[in-house]
Amino acid sequence: MPPRKRRKLDQKPKTKSSSKTSSLGNKDTPTYSHWLMKSEPETRIEKGVDVKFGITELKAEPNQTACWDGVRNYQARNFMRDQMKVGHKAFFYHSNCKEPGIAGIVEIVKESYPDHTQFDSKDIHFDSSSKKDNPKWFMVDVKFVRMMKRFIPLSELKALHLKHKSRGGALQNMFLLTRPRLSVQPVSKGV
DNA sequence: GCCAACGTTGGC
DNA sequence: GCCAACGTTGGC
């Protein structure tokens with residue numbers, strides 16, 4: 001097996017910060033108001049369950065609104081729990097599919113609250129280590145706003161990222177390209 | 001379907 | 001607290 005590269009976590013799980021205000025413990029952490037959230041628009045069976053949830057599925061939900069359950073990554077959770085506010089907008093990104101990229105825009109319509117699937121032993125995102133009086137995982141509710149006028153493929157974002165890295169530009173530090181596995185992430189002009 | 005690049009776990 | 005092993009993400 002090849003040696004594995006090791007990196008420090010950018011964010012260790014915080015000691016339980018019961019307050020959801022922007023006091024993140026780290027004063028250097030920028031405050032964000034725009035986001036990118038990944039979801040899989042194509043059928044994939046995980047533990048017998050189809051995890052498909054593209055922007056079409058969101059649009060088909062009652063009130064075009066859904067809870068963003070299943071996030072099981074501390075950094076992604078922290079962004080949702082600590083910084084996402086009602087009214088914030090997020091890109092809806094299609095991942096793990098034939099044509100990955102940004103499909104549309106959603107709005108945060110409910111701030112973070114405990115993700116119920118962590119307590120459901122039948123759910124694929126069940127977490128036996130999480131206790132109801134001290135939930136580990138949180139989610140927000142998002143509402144469909146609109147499709148992109150034009151689908152923005154990852155390939156295009158990648159090309160811009162390359163260009164902006166050498167010549168400067170908004171996408172030079174885009175998390176999508178610098179932290180490719182983070183499923184909930186901020187976006188900014190980032191110059 | 002493959003597999004690189006991680007993020008997490010657990011032995012020590 | 002280190003770090004090897006393992007599990008997962010997600011592009012290709």
Side-chain angles (χ1 to χ4, degrees), chain A residues 1-17 24-26 29 35-58 66-84 90-104 106 112 114-115 117-131 134-140 142 148 150-165 171-187:
Chain A
M1 196 173 283
R4 293 167 187 279
K5 229 173 100 185
R6 297 205 45 80
R7 306 172 63 253
K8 281 197 112 169
L9 282 180
D10 295 291
Q11 276 179 285
K12 288 267 164 54
K14 291 284 178 331
T15 53
K16 62 201 87 154
S17 75
L24 294 177
N26 179 1
T29 306
W35 306 93
L36 182 149
M37 303 170 88
K38 298 181 186 175
S39 191
E40 301 185 35
E42 290 173 9
T43 288
R44 185 172 64 82
I45 306 301
E46 188 178 338
K47 298 177 189 167
V49 178
D50 189 355
V51 298
K52 169 178 175 175
F53 192 80
I55 198 160
T56 311
E57 281 68 44
L58 175 61
C67 59
W68 207 262
D69 60 306
V71 171
R72 295 295 181 268
N73 168 282
Y74 289 114
Q75 195 179 11
R77 178 205 67 180
N78 291 352
F79 280 134
M80 277 204 299
R81 188 191 60 186
D82 303 333
Q83 293 209 53
M84 273 191 178
F91 287 129
F92 193 112
Y93 179 87
H94 280 170
S95 71
N96 205 11
C97 57
K98 200 163 184 186
E99 209 183 3
I102 296 173
V106 300
S112 74
D115 177 344
T117 64
Q118 71 196 296
F119 304 121
D120 179 357
S121 60
K122 305 220 171 57
D123 194 279
I124 57 172
H125 295 116
F126 175 62
D127 183 351
S128 61
S129 73
S130 182
K131 300 291 166 240
N134 187 18
K136 198 181 269 189
W137 305 111
F138 290 79
M139 62 188 183
V140 297
V142 304
M148 300 304 284
R150 179 175 71 80
F151 181 84
I152 314 291
L154 174 63
S155 57
E156 190 174 335
L157 295 166
K158 270 188 156 170
L160 280 172
H161 178 239
L162 262 181
K163 188 170 142 191
H164 290 190
K165 267 201 299 188
L171 270 55
Q172 61 180 302
N173 296 316
M174 191 174 187
F175 275 58
L176 184 68
L177 307 150
T178 62
R179 309 293 313 278
R181 297 182 54 195
L182 190 58
S183 69
V184 175
Q185 54 181 264
V187 293

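Just so you know, these numbers use all the heavy atoms, side chains as well, and skip hydrogens, waters and symmetry mates. Chain A is the first sequence line, chain B the second, and so forth, proteins listed ahead of strands; every chain is numbered from 1.
In this structure, Leu176(A) atom CG and dG11(C) atom P are separated by 8 Å, rounded to whole Å. Atom CG of Asn73(A) is separated from atom C1' of dA5(B) by 14 Å (rounded to the nearest Å). To the nearest angstrom, C1' of dT8(C) lies 11 Å from CD of Glu40(A). Here the C1' atom of nucleotide dT8(B) and the CG atom of Leu182(A) are 15 Å apart, to the nearest Å. Rounded to a whole Å, the CG atom of Leu177(A) is 20 Å from the P atom of dA4(B). Per the geometry, CG belonging to Leu157(A) stands 15 Å off P belonging to dG10(C), to the nearest Å. If you take CG of Asn78(A) and C1' of dG7(B), they are 14 Å apart, rounded to a whole angstrom. The separation between Arg181(A) atom CZ and dC3(B) atom P is 17 Å, rounded to whole Å.
The closest side-chain heavy-atom distance from Thr117(A) to Arg72(A) is below 4.5 Å. Looking only at side-chain heavy atoms (C-beta outward), Arg179(A) and Gln75(A) come within less than 4.5 Å of each other. Side-chain contact between Leu176(A) and Phe91(A): absent, with no pair of heavy atoms (C-beta onward) separated by less than 4.5 Å.
Between Asn96(A) and Pro180(A), the one whose closest nucleotide on DNA chain B sits nearer the 5' end is Asn96(A). Positionally, the nearest nucleotide of DNA chain C for Lys47(A) lies more toward the 5' end than for the other of Ser155(A) and Lys47(A).
OP1 or OP2 of dG7(B) sits under 4.0 Å from a side-chain N or O of Arg179(A). Lys158(A) has no side-chain polar atom (N or O) that falls below the 4.0 Å cut-off from OP1 or OP2 of dG10(C). Distances shown here put a side-chain N or O of Lys38(A) below 4.0 Å from the OP1 or OP2 atom of dG10(C). Distances shown here put a side-chain N or O of Tyr93(A) below 4.0 Å from the OP1 or OP2 atom of dG11(C).
For Arg72(A) against dT8(C), no side-chain N or O and base N or O form a donor-acceptor pair under 3.5 Å.
Shortest non-hydrogen contact noted between Lys158(A) and Leu177(A) is CG-CD2, 3.6 Å.
With Phe92(A) as reference, Trp68(A) is the one residue of Trp68(A), Phe151(A), Trp35(A) to meet the ring-ring contact (aromatic ring centres under 6.0 Å, His included) rule.
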